[in-house]
There are 2 protein chains.
Amino acid sequence: MAGADGRQPTILTVAAHAGVSPMTVSRVLSGQKNVSPELSERVRASVAELGYRRNEQARSLRPGQRSGLIGVAITNIANPYYAELLLGADEVVGASGRGLLIGSTNEDEDRESTLISKFIGRQVEGLIVVPAGARRHLLPQALGGTPLVLASRAVEGARADTVLVDDIGASYEQTAALLAAGHRRIGYLGTATSVFTGLRRFDGFRMAHEDAGIELDQALVFAGQSDVQSAERVMLDLLGRRNPPTAVFCANNQNAIGAVRALRSSTARARTDPIHLLSFDNFELADVLGLPITIIDHDARELGRLAARMMLERLEGTATQPPRTVELPTRILSFVGRGRDIDASAGV
Amino acid sequence: MAGADGRQPTILTVAAHAGVSPMTVSRVLSGQKNVSPELSERVRASVAELGYRRNEQARSLRPGQRSGLIGVAITNIANPYYAELLLGADEVVGASGRGLLIGSTNEDEDRESTLISKFIGRQVEGLIVVPAGARRHLLPQALGGTPLVLASRAVEGARADTVLVDDIGASYEQTAALLAAGHRRIGYLGTATSVFTGLRRFDGFRMAHEDAGIELDQALVFAGQSDVQSAERVMLDLLGRRNPPTAVFCANNQNAIGAVRALRSSTARARTDPIHLLSFDNFELADVLGLPITIIDHDARELGRLAARMMLERLEGTATQPPRTVELPTRILSFVGRGRDIDASAGV
DNA sequence: CTGAAAGCGCTTACAG
DNA sequence: CTGAAAGCGCTTACAG
């Protein structure tokens, strides 16, 4: 409740109301022991009556005090994958009593740079970033000592704990499985290889071909789609060819959804031979589409939790070792065509 | 870059480095005119060299200065609907130079109350909330003058600009359309009617029945599912009955997805007569499922933008009128069964 | 155009 | 157990 003058009550207002010094109020608020029960009770009553809330900005100004803020910069908040990641980070950070300052970078490095600069200006204790690129603003000298945790994508030269997904391994193994099953023409739909995960997933795809001694047909490779619409267009192109692929590796959820849309479009449905989809990332309803799909699933929320935990360990001084890189394992889900499959087999 | 003592540079560090007073540095930083070009240039050089960043917490401590923070409390960040809303708010708030402090309430009123209290302690300029309930902590006397914008759901007694979706109207009209098309047994899958949107959407459903003089079969009404799994279970129950409904109104995306899952499960697919789905909220791949679906679509990102704009208008003093309530219109998408329908008809 | 003084709301020593 | 003094990093008057 605001005072009669319309201003928020301060620690002085409370002190005057309770008839004690500001220090006593401060001690009660921070839960210190050395306050007599009577004064403590009087302060508490005044706080409640005045609707006083401690000004965290003022508190954190004193040296040794922390802002209680973690800055999170994400390439696209509205992508369900990153929304899950954010929720996981929120869980862990919130439980530590801290708050989350967020911003969507829209895969724009300049926006990311500005955002991070603002976060630091707001005295965040640490930064969790899904980096749009690998530029100067993420290097140690630009961060001025603010701890950094990178999620999903690594940045060369950054001094940062990094949480990755087993992109290369899972892509390699599942591509190898398709090749072993006899597929010889496998299409590739992914983001640009300038994106860290894009490159890694393509590398797994490429290496599986090399190791199997099967030449990769560059005419079937499309690396450059970051949204559903462009993925759908590219897939329709593939489907319309005289000699279309028998399987398609979709390197993220947006590409997979685009591929599904193309497959279910009227013209494509006339096809008789089913195309096997391999999707890196799970997506809603994948298991009930009636299409043969293999999903490389991983827990985005857990990735967010893990990133936040690594951050907290740094902040609480538990982690004094050099930056670590952790790879989250993946889980394989297989759905054969027509109807819903209950028997999703777990692997890796 | 940190100074030699490992501490961040302050305005004093910069002043000493540039050989000017702190005030001159402050003037340059805030872009004031009354500084000679020479000094201004020297200050800028020192700022760059020292890697100085203004401490926003300290700056905002002075009366008349604003924190530049907006607090956003959302029931579930990972729901794609709210993730979109958040992105819309981020767009508008970010463009105003402010930052977003966020938290997921998980539909828990206590968590919401704590979160809002923390936001206010951090001196947010305003609050954007998708309220989990309608308790004291959202009433004017609890907010101490912090402006509040409510999104998706209204709260009685709150002094807040409110952005709603046309829940009642759209539910009414589309239910009426189903009844006019001859449906007499329409199932209902929704969240609890204690949730604001849950009640409004059910009201539209109920009133359409009343006005059409058709009795609503309570045995077909399930209001209490807020996640996909429970919606799927309830839908399977409905489908397993001797006399199942011919259409089902799903009052949000989670219930619709659950319904789709149930419809596509092996046993249910054996059915010959298709069940028409009416979904309040769009969801990914709805148009390519090959099921007869009517979608009541609305733009969550625009809802987020609108909420943020209303907040900014309050903050910038443009809006001095009493709180407003705005209803966002909906758009109707119709997909008939089997295959993908290009001809989505727009309406309302 | 430039700067010395005071104070925003809080907490850290230090004194009793 | 309690409180007066000083200062965190900045900006608002006020003085030159």
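All values below come from the heavy atoms of this structure, side chains included, with hydrogens, waters and symmetry mates left out. Convention: sequence-line order gives letters A, B, ...; per-chain numbering from 1.
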A/I70 CD1 to A/I128 CD1 distance, which is reported to the nearest 0.5 Å: 6.0 Å

If a pair means Watson-Crick or G-U wobble with both distances below 3.5 Å, what does DNA chain C look like in dot-bracket form, with | marking bases paired to a different strand? |||.||||||||.|||

Do B/T24 and B/V35 come within less than 4.5 Å of each other through their side chains, counting heavy atoms only? yes

5' to 3' on DNA chain C, which nucleotides open and close the contacts with chain A (atom under 4.0 Å from a heavy atom)? C/dG9 to C/dT12

Closest nucleotide of DNA chain C for A/R54 versus for B/S21: which of these residues is on the 5' side? B/S21

If you take all heavy atoms of A/N34 and A/R27, which pair is closest and at what distance? O-CD, 4.3 Å

Any side-chain heavy atom of B/L138 sitting closer than 4.5 Å to one from B/P131? yes

Enclosure of A/R111 CZ (heavy-atom neighbours >12, cutoff 6.0 Å): yes

Any non-hydrogen side-chain atom of A/T146 less than 4.5 Å from a side-chain atom of A/I116? no

With heavy atoms under 4.0 Å as the rule, sort B/Q65 into base, sugar-phosphate or nothing. sugar-phosphate

Could you check whether B/R42 and B/S46, counting side-chain N and O atoms only, form a donor-acceptor pair closer than 3.5 Å? no

With sugar-phosphate meaning primed atoms plus P, OP1 and OP2, does A/R27 contact a base, only sugar-phosphate, or nothing at under 4.0 Å between heavy atoms? base

As an exercise, state the distance from CZ of A/R314 to CG of A/L148, rounded to the nearest 0.5 Å. 10.5 Å

Answer with base, sugar-phosphate or nothing: what part of the nucleic acid does A/R59 contact at a heavy-atom distance below 4.0 Å? sugar-phosphate

Check every strand shown and say whether B/L39 touches a base, only sugar-phosphate, or nothing at a heavy-atom separation below 4.0 Å. sugar-phosphate

Given that B/P37 and B/L61 both sit by DNA chain C, which one's nearest nucleotide is further toward the 5' end? B/P37

At under 4.0 Å between heavy atoms, what does B/N34 touch on the DNA or RNA strands: base, sugar-phosphate, or nothing? base

